[in-house]
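What follows is a short report on a single structure.
In this chain, numbering begins with 1 at the start of the sequence shown.
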Amino acid sequence: EYTVKKDQVALTKEYKNFVSHFVKENITDKNITSDYKKAKVIHDYIVNSYAYATEELASNHETASKISVHAPEALYKDKRGVCQAYAVMFRDMATAAGLDAWYVTGKANIIGDPVSGNHAWNIVKIDGTNYYVDATWDDTANTRDYFLAGKTVMNKEHVLDTAYSAIAASIPNDNYS
């Protein structure tokens with residue numbers, strides 16, 4: 001997925017503790033048990049707390065703390081990252097909350113957008129059905145269109161790598177409702 005520099009091993013441990021603490025404080029301690037509410041708490045936190053690392057991606061690919069913008073530790077420490085960081089953090093938090101969640105990759109295709117190309121997002125199981133979540137696009141487009149999205153929404157601009165076909169096969173056409 002991504003590599004962490006040797007001097008950032010402690011930061012990775014801090015990040016993992018942060019994930020556990022976040023889930024305990026915002027889901028477990030609040031007795032949130034529904035899959036939908038767990039996913040929403042996590043998604044909304046990520047979308048509302050972090051910023052896409054546009055400037056860093058155009059230069060050295062590192063945040064102010066010299067953390068790769070691809071690592072979720074960049075979000076945790078410097079509040080900035082790219083799609084890989086968003087998707088890994090969503091997966092980590094969702095899994096810690098007891099949800100089945102996957103980090104997936106593919107291509108994002110937006111005509112005229114310079115960041116089209118390789119992209120990462122998630123699939124999460126809600127009440128036995130898989131849905132797409134793209135917290136990065138919900139953040140950068142200031143929308144919620146990509147939260148628990150079905151194939152109709154996602155297939156317009158996302159092309160999933162074939163390695164994830166089995167996980168995505170059961171995703172419905174319509175968004176969660």
Spacing of Ser34 atom OG and Ile126 atom CD1 [to the nearest 0.5 Å]: 8.0 Å
More than 12 heavy atoms of other groups within 6.0 Å of Asn142 CG: no
CD1-CD1 distance between Ile32 and Ile27, expressed to the nearest 0.5 angstrom: 6.0 Å
Within-4.5 Å side-chain heavy-atom neighbours: Asp139 and Ile46: no
CE on Met93 to CG on Asn26, rounded to 0.5 Å: 8.0 Å
Pairwise side-chain contact, His61 with Glu56, heavy-atom cut-off 4.5 Å (strictly under): no
From Ser49 atom OG to Met89 atom CE, the distance as rounded to the nearest 0.5 Å: 8.5 Å
Sub-4.5 Å side-chain heavy-atom contact between Trp137 and Trp121: no
Check: Lys151 side chain, Ser170 main-chain N or O, donor-acceptor pair, under 3.5 Å: no
Donor-acceptor pair, side chain of Lys38 and main chain of Ala97, under 3.5 angstrom: yes
Nearest-0.5 Å distance, CD of residue Glu14 to OH of residue Tyr76: 4.0 Å
Ring centres under 6.0 angstrom apart (Tyr146, Tyr132): no
Asp29/Lys24 salt bridge by N-O under 4.0 Å criterion: yes
Side chain proximity check, Asp92 to Tyr103, heavy atoms < 4.5 angstrom: no
Side-chain donor/acceptor of Asn48 to backbone N/O of Asp44, under 3.5 Å: yes
Pairwise side-chain contact, Ile123 with Tyr131, heavy-atom cut-off 4.5 Å (strictly under): no
Donor on one side chain, acceptor on other, Thr12 and Glu73, under 3.5 Å: yes
Pair Tyr45 + Tyr50: ring centers closer than 6.0 Å: yes
Identified side-chain contact (heavy atoms from CB on, under 4.5 Å) counterpart of Lys125 within the set Asp100, Leu99, Asp35: Asp100
Note, Gln84 side chain near Asn118 side chain (heavy atom, < 4.5 Å): no
Thr54 and Val82, any side-chain heavy atoms less than 4.5 Å apart: no
Sidechain-backbone polar pair: Thr143 side chain, Asp145 backbone, donor-acceptor under 3.5 Å: yes
Check: Thr136 main-chain N/O paired with Asp134 side-chain donor or acceptor under 3.5 Å: yes
Whether Asn130 side chain and Ile167 backbone form a donor-acceptor pair below 3.5 Å: yes
Any Thr105 side-chain heavy atom under 4.5 Å of Tyr164 side chain: yes
From Phe90 atom CZ to Asn122 atom CG, the distance as rounded to the nearest 0.5 Å: 5.5 Å
Backbone N/O of Arg80 and side chain of Asp78: donor-acceptor pair under 3.5 Å: no
